[in-house]
Amino acid sequence: EVQLVESGGGLVQPGGSLRLSCAASGFTFSSWGINWVRQAPGKGLEWVSIINSGGTTTTYADSVKGRFTISRDNAKNTLYLQMNDLKPEDTAVYYCVKFPNWGQGTQVTVSS
């Protein structure tokens, strides 16, 4: 059974940083590209970033480019999202996604 478990969310002030983690199990982690997707309150889903299976290629939404960094540790079956210079509009539930499988999400709130 595929399991994706996010952690690391919380409340942070504008301009602050957070690092999200996603612990994966139930599949060969190193063989799959993995995404981060977010959903802000009252809004639809927004794709954030993707990393390929080997961790050598990354792509970002324009809204986070230059502020967020996706990475992975295939030895630990873990995906990361380093988020810097956070803005109130980054407030959302962040999901780790290996389509069609989703984690439960972790809440990120950016507020002063």
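We count residues from 1, following the sequence as given.
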- [ ] State, yes or no, whether a side-chain contact exists between Lys76 and Ser21 at a heavy-atom distance under 4.5 Å.
- [x] no

Open item on the list: Is the shortest side-chain heavy-atom distance between Leu11 and Gln107 below 4.5 Å?
Closed with: no

Open item on the list: Starting from Tyr94, can I reach Val2 by hopping between I/L/V/M/F/W/Y residues whose side chains sit under 4.5 Å apart?
Closed with: yes

Task: Side-chain (Glu6) to main-chain (Cys96) donor-acceptor, under 3.5 angstrom - done: yes

Task: Gap between atom NZ of Lys98 and atom CD of Gln3 - 0.5 Å precision - done: 13.0 Å

Open item on the list: Working to the nearest 0.5 angstrom, can you tell me the gap between Asn52 CG and Thr57 OG1?
Closed with: 4.0 Å

Open item on the list: With a 4.5 Å cut-off on side-chain heavy-atom distances among I, L, V, M, F, W and Y, is there a chain of contacts connecting Tyr60 to Ile50?
Closed with: no

- [ ] Can you measure from CD1 (Ile51) to OG1 (Thr56) and round to the nearest 0.5 angstrom?
- [x] 8.0 Å

Open item on the list: Between Lys87 and Asp90, does any NZ, NE, NH1 or NH2 come within less than 4.0 Å of an OD or OE carboxylate oxygen?
Closed with: no

Task: Non-hydrogen side-chain atoms of Asn84 and Ser17 separated by less than 4.5 Å - done: yes

Open item on the list: Do Val93 and Leu79 land in one hydrophobic cluster if side-chain heavy atoms of ILVMFWY residues count as linked below 4.5 Å?
Closed with: no

Task: Parallel, tilted or perpendicular, as decided by the 30° and 60° cut-offs, for the rings of Trp102 and Tyr95 - done: perpendicular

Task: Min side-chain heavy-atom separation Arg19-Tyr80 under 4.5 Å - done: yes

Open item on the list: I need the minimum non-hydrogen distance between Ala92 and Arg38, along with the two atoms involved.
Closed with: CB-CB, 3.8 Å

TODO: Find out whether Arg67 and Met83 are in side-chain contact, i.e. whether some heavy atom of one side chain is under 4.5 Å from a heavy atom of the other.
DONE: no

- [ ] Answer with yes or no whether the hydrophobic clustering places Val97 together with Leu4; edges join I, L, V, M, F, W, Y residues whose side-chain heavy atoms lie under 4.5 Å apart.
- [x] no

Open item on the list: Is it the case that the side chain of Gln13 and the backbone of Ser112 share a donor-acceptor pair, with hydrogens and angles ignored and the cut-off at 3.5 Å?
Closed with: no

Task: Value rounded to 0.5 Å, distance of CZ in Arg72 from SG in Cys22 - done: 10.0 Å

Open item on the list: Any side-chain to backbone donor/acceptor pair from Asn74 onto Ser53? Under 3.5 Å, distance only.
Closed with: yes

Open item on the list: Please report the interatomic distance CG(Asn35) to CZ(Phe99), rounded to the nearest 0.5 Å.
Closed with: 4.5 Å

Task: Rounded distance (nearest 0.5 Å) linking atom CZ of Phe27 with atom OG of Ser25 - done: 7.5 Å

TODO: Give the intermediate values and the outcome of side-chain contact (heavy atoms from CB on, under 4.5 Å) for residues Thr58 and Phe68.
DONE: CA-CA 11 Å; Thr58 59; Phe68 290 11; over 6 Å; no

Open item on the list: Tell me whether Val64 shares a hydrophobic cluster with Ile70, the cluster being built from Ile, Leu, Val, Met, Phe, Trp, Tyr side chains joined at under 4.5 Å.
Closed with: yes

TODO: Ignoring hydrogens and angles, tell me if any N or O in the side chain of Asn77 forms a donor-acceptor pair with the backbone of Phe29 under 3.5 Å.
DONE: no

